[in-house]
There are 2 protein chains.
Amino acid sequence: MATPFRMTEQAYLVLLALTAEPLHGYAVIQVVRELSGGRTVLAAATLYGALDRLGAAGLVEPAGESVVDGRLRRYYRITSDGRAAAEAETERLRALAARAQEALRRRPVAQEARRRPAAGGFAAPAGGVA
Amino acid sequence: MATPFRMTEQAYLVLLALTAEPLHGYAVIQVVRELSGGRTVLAAATLYGALDRLGAAGLVEPAGESVVDGRLRRYYRITSDGRAAAEAETERLRALAARAQEALRRRPVAQEARRRPAAGGFAAPAGGVA
DNA sequence: TGCTATATATCGGTGACCGATATGTTAAAC
DNA sequence: GTTTAACATATCGGTCACCGATATATAGCA
């Protein structure tokens, strides 16, 4: 692999947006916004940068053009490699979130340290490291 | 907020690593490696950069020092704000992964386009955009 | 006339990440 | 006895993903 693809969250969202059907760039921005619950609104430069990288990695490919209401639309389609990558990344995130939930459940409330480290000196860590 | 904190995945992992108990930097690297299933191995520069940013945002704070076997250990502790941030980010990831799984389930196999766009001309997108 | 939405694309700055480097201790391998 | 590896800290400098701003163009609304 000439360009080792970095699966950033934005690129991942673009990939996800294309799983249902081919979309043109502007539509990808909107679908990503929905997919992310309104939290991620891709800047145009981010979108086209991500599409370039995804295309170079073979995860996305052009899917034709059309003109609607006098405006050009350039469509993109996810490839089978792209789908596999999206599935793998989804599983990674799911597993990470599950592990995180478990770790957070183990200590529901942060216990406050009662012994402050002596000013300027060394002290045993307040958390009680074994 | 002077420095709007960006919750990157690496910073999130550092936060998660500190949920169980205060840790020193080197230990954070190891716990993150375990938490991420071996996928994320923090570079030292990344760790200290993340700790600085987390500290500036009030999500992590110093928790004393100690010397073990002649080696200095500097401990860090998660704050209640940090725990809240970790919980929020965990929920965001969980929801995203769930939505992604649903989207991917809807079309298990990528359907191949049968109509190629006419060479050099405009064509309706192969995916059948409504 | 101006503003918003749709739709494309690029430039240039910011900043998170990380390889490399530096310093020092402990301990196993050779 | 010297080298290698693990432990433990920290910084420098380069790369690159991200994004605000900008540019171009059409359609519709105030």
Side-chain angles (χ1 to χ4, degrees), chain A residues 1-15 17 22-34 36 39-57 59-60 62-76 89 122 125 129, chain B residues 1-15 17 22-34 36 39-57 59-60 62-76 89 122 125 129:
Chain A
M1 33 186 152
T3 41
F5 181 75
R6 261 187 261 187
M7 184 63 80
T8 65
E9 185 165 324
Q10 263 102 335
Y12 170 59
L13 286 167
V14 169
L15 223 44
L23 296 174
H24 60 278
Y26 195 84
V28 169
I29 293 176
Q30 297 168 325
V31 172
V32 163
R33 190 174 49 196
E34 292 163 20
S36 68
R39 300 177 123 284
T40 299
V41 181
L42 293 181
T46 304
L47 172 72
Y48 291 111
L51 282 175
D52 281 349
R53 292 190 300 116
L54 286 165
L59 305 185
V60 157
E65 305 177 338
S66 68
V67 175
V68 177
D69 286 334
R71 295 187 200 92
L72 175 64
R73 287 181 174 177
R74 237 183 267 282
Y75 286 83
Y76 301 89
E89 180 66 3
F122 284 6
V129 174
Chain B
M1 33 184 156
T3 40
F5 182 75
R6 263 190 259 186
M7 184 63 80
T8 64
E9 185 165 324
Q10 263 102 339
Y12 170 60
L13 286 167
V14 169
L15 223 44
L23 296 174
H24 60 278
Y26 196 83
V28 170
I29 293 176
Q30 296 168 327
V31 172
V32 163
R33 190 176 46 198
E34 291 163 21
S36 68
R39 300 177 125 281
T40 299
V41 181
L42 294 181
T46 304
L47 171 72
Y48 292 111
L51 283 174
D52 282 348
R53 291 191 300 118
L54 287 164
L59 306 185
V60 156
E65 306 177 337
S66 68
V67 175
V68 177
D69 286 333
R71 296 188 198 93
L72 176 65
R73 286 182 176 177
R74 239 182 264 280
Y75 286 83
Y76 301 89
E89 179 67 2
F122 284 4
V129 174

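Below, chains carry the letters A, B, ... as their sequence lines are ordered, and counting in each starts from 1.
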> Looking at residues at least two apart in the chain, or sitting in another chain, which of them share a side chain to side chain contact (heavy atoms under 4.5 Å, CB included) with B:L47?
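Testing B:L47 for side chain to side chain contact (heavy atoms under 4.5 Å, CB included), a comparison that skips the adjacent residues, returns B:V14, B:V28, B:I29, B:L42, B:L51.
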
> For B:Y26, what residues pass the side-chain hydrogen bond (donor to acceptor under 3.5 Å, both in side chains) criterion, not counting sequence neighbours?
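For B:Y26, no residue satisfies side-chain hydrogen bond (donor to acceptor under 3.5 Å, both in side chains) once neighbours in sequence are set aside.
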
> Protein within reach of the bases, or only the backbone? For nucleotides 4-13 of chain D, mark each nucleotide 5' to 3' as B, S or -, using heavy atoms under 4.0 Å.
---BBBBBB-

> Taking CG from B:D69 and C1' from C:dG24, how many angstroms apart are they, rounded to a whole number?
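So the two atoms are 14 Å apart, to the nearest Å.
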
> Restricting to side-chain hydrogen bond (donor to acceptor under 3.5 Å, both in side chains), what partner residues turn up for B:E89, sequence neighbours left out?
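Only B:R92 meet the side-chain hydrogen bond (donor to acceptor under 3.5 Å, both in side chains) criterion with B:E89.
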
> Under the side chain to side chain contact (heavy atoms under 4.5 Å, CB included) test, which residues partner A:R71, sequence neighbours left out?
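Expected list: A:D69.
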
> Taking only side-chain N and O atoms of A:R53, does any of them lie within less than 4.0 angstrom of OP1 or OP2 on D:dC18?
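Indeed, a polar side-chain atom of A:R53 lies that close.
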
> What is the minimum heavy-atom distance between A:S36 and A:T40, and which atoms define it?
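In this case the closest contact between A:S36 and A:T40 is OG-N, 2.9 Å.
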
> With sequence neighbours excluded, what pairs up with B:V68 under the side chain to side chain contact (heavy atoms under 4.5 Å, CB included) test?
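B:V68 satisfies side chain to side chain contact (heavy atoms under 4.5 Å, CB included) with B:S66, B:R73 once adjacent residues are dropped.
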
> Closest nucleotide of DNA chain C for B:G70 versus for B:L42: which of these residues is on the 5' side?
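The residue mapped nearer the 5' terminus is B:L42.
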
> Whole-Å distance between C:dC17 P and A:E9 CD?
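From A:E9 CD to C:dC17 P: 13 Å.
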
